[in-house]
Structure formats: structure tokens, C-alpha cells
Novice: 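One structure coming up, written as C-alpha cells, with questions to follow.
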Amino acid sequence: MKKIGILGGTFDPVHYGHIALAEDAVREAGLHEVVMIPARIQPFKQDREYASGEDRFNMLALAAGKDDHITVSKYELQQKSISYTYLTLRHMQEFYGKDTRLYFITGTDSFLKIDTWMNAEELLNNYSYVIGTRPGYRQDEYQEALRRITSAYGTEVISMNKTELDISATQIRQMVAEGKPINDLVPPEVERYIREHGLYRT
Ligand code: ATP
């Protein structure tokens, strides 16, 4: 059985927290590959201004360029509709075929809200999960969600216990707007892209 990881997000911009999450998932869950998929319109962030899909994709491609385990997919950017995870996973399962098990990778913050996602039941019944800890969540809240979900759906959930990286894209956009350096937070190629394209300045 082939194991493919799927890591969705807005990646506005991609940062070391995302890359570490993908690489940890490869090691911990024995994945063959992780596909990072930037969302066109993210259901919970519809009211927000993004860098363009093209810029977010380009930054991901630069960040993943040297990594043998990560590929970047344009699938959601090419859809007309809101980027619902269940639609993307349906498509990916069809693309990779029945011999592939899909592992959806998220940070704890996203996983805690998964019950509220569109077609949560389908998501939790059909796919496995790899969860990376992220600062700012409560361990007891996570354990409670995990118990509820695994007992209701029998979902396979791999919880990774890794060093937490306190990085968010929100914080990076703010720092760029304030003219602060972001070298410790994103790969050098991404830092250069943001600078050369004048992203997030206001
Ligand atoms: P924003 O600050 O704009 O909301 P973000 O930094 O949370 O963005 P997303 O693109 O929303 O980034 O995240 C995509 C996925 O990566 C989510 O599952 C999220 O939980 C996870 N993730 C993001 N940053 C980290 C981090 N520092 N550690 C672990 N997981 C992370």
C-alpha cells in the first residue's frame, strides 16, 4: 500500500512550520511523498486578502524545490469553487487509485475544528490523519477531540510529538509590513521572492 500525505493550506506565505510539518510526517508515518496544495479560496478565510494564487504557488515551489519528498499541486488553484478538503481528497484518491492510502496532514489547531468542516463524516471515515503539534493549543482539548473522533469513526490518527515551531503566516505578513527581517521563519528563496515582488508591504 502506497502512503501519500496531503497538506492543504493557504500558505500565505509558506514557512518553516509547514516544511517541518511535512518532513516530520514523512518520517513518522512512513509516507512516500507529501503533496502540498495551496487553496484558492479557503472556506474559513473568505473575507481576507491573499497574495495571489500564483505567488503562493511560486513560493511553495521554491520552498519544496530541494526536497525529494515534497511536491506542490495546482489542483485547488485550478478549481472554480471554494477549496473544500473533501472534494480535493476525493480527486486525489481517484488520481492515485485504490492501492494508495491518503494521510491528511494538519496542525493541532486545524484538527481541533475538523468536525465543523464540510462533509466531516466522509473525511473522517475515508482517510488517515497525521497531526503536528503547534503552540497555543490545549493538550487536554486535543486528547478529548481525539477520543471523540476515533471512537465515533474509527479514524487512524498519528499524533506526532515534535518540537513545536511558533511560526504563523500571519506573524510573517505583519513583520514584512513592519520592515522586520523574516530570515529565521522562511527559506531564503521565499524571503527573496517576497522582497522582489513587494508582497505583504501594507
Ligand atoms: P495564517 O497565519 O495565515 O492563518 P498559517 O501559518 O496557520 O496561516 P496555513 O496555511 O493556514 O498557515 O496552514 C496550513 C496547515 O499547516 C494547517 O494544517 C496548519 O495547522 C499547519 N501549520 C501552520 N503552521 C504550523 C506550525 N508552525 N506548526 C505546525 N503546523 C502548522
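Both counts, for ligands and for their atoms, begin at 1 and track the order of listing. These values consider heavy atoms only, across backbone and side chains, with no hydrogens, waters or symmetry-generated copies.
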Novice: In terms of atom number and element, which parts of ligand 1 are under 4.0 angstrom from non-hydrogen atoms of Thr106?
Specialist: 18 (O)
Novice: What I want to know is whether Ser110 and ligand 1 share at least one N or O pair that is separated by under 3.5 angstrom.
Specialist: yes
Novice: If the condition is side-chain hydrogen bond (donor to acceptor under 3.5 Å, both in side chains), which residues does Arg192 pass it with, not counting sequence neighbours?
Specialist: none
Novice: Can you tell which part of His15 has a heavy atom less than 4.0 Å from ligand 1: side chain, backbone, both or neither?
Specialist: side chain
Novice: Could you tell me whether some N/O pair between Phe11 and ligand 1 is separated by less than 3.5 angstrom?
Specialist: yes
Novice: Hey, is Arg173 one of the residues with a heavy atom under 4.0 angstrom from ligand 1?
Specialist: yes
Novice: Do Tyr103 and Glu156 pass the side chain to side chain donor-acceptor pair (under 3.5 Å) test, and can you show the C-alpha distance, the side-chain angles, and the key distance before you say yes or no?
Specialist: CA-CA 9 Å; Tyr103 286 74; Glu156 178 190 10; 3.3 Å; yes
Novice: Going by the closest heavy atom to atom 2 (O) of ligand 1, which one wins out of Asp24, Thr170, Asp12?
Specialist: Thr170
Novice: State if Ala20 counts as touching ligand 1 under the rule of any non-hydrogen atom under 4.0 Å.
Specialist: no
Novice: What orientation do Tyr75 and His91 show, parallel under 30°, tilted 30 to 60°, or perpendicular over 60°?
Specialist: parallel
Novice: Check the angle between the aromatic planes of Tyr86 and Tyr84 and answer parallel, tilted or perpendicular using the 30° and 60° thresholds.
Specialist: tilted
Novice: Consider every N or O of Thr10 and every N or O of ligand 1, then say whether any pair is closer than 3.5 Å.
Specialist: yes
Novice: Any side-chain donor-acceptor pair under 3.5 Å between Arg101 and Ser128?
Specialist: yes
Novice: Do any N/O atoms on Gly9 end up under 3.5 angstrom from N/O atoms on ligand 1?
Specialist: no
Novice: Assess Lys2 against Tyr96: is NZ or CZ under 6.0 Å from the centre of the six-membered ring, and within 45 degrees of the ring's axis?
Specialist: no
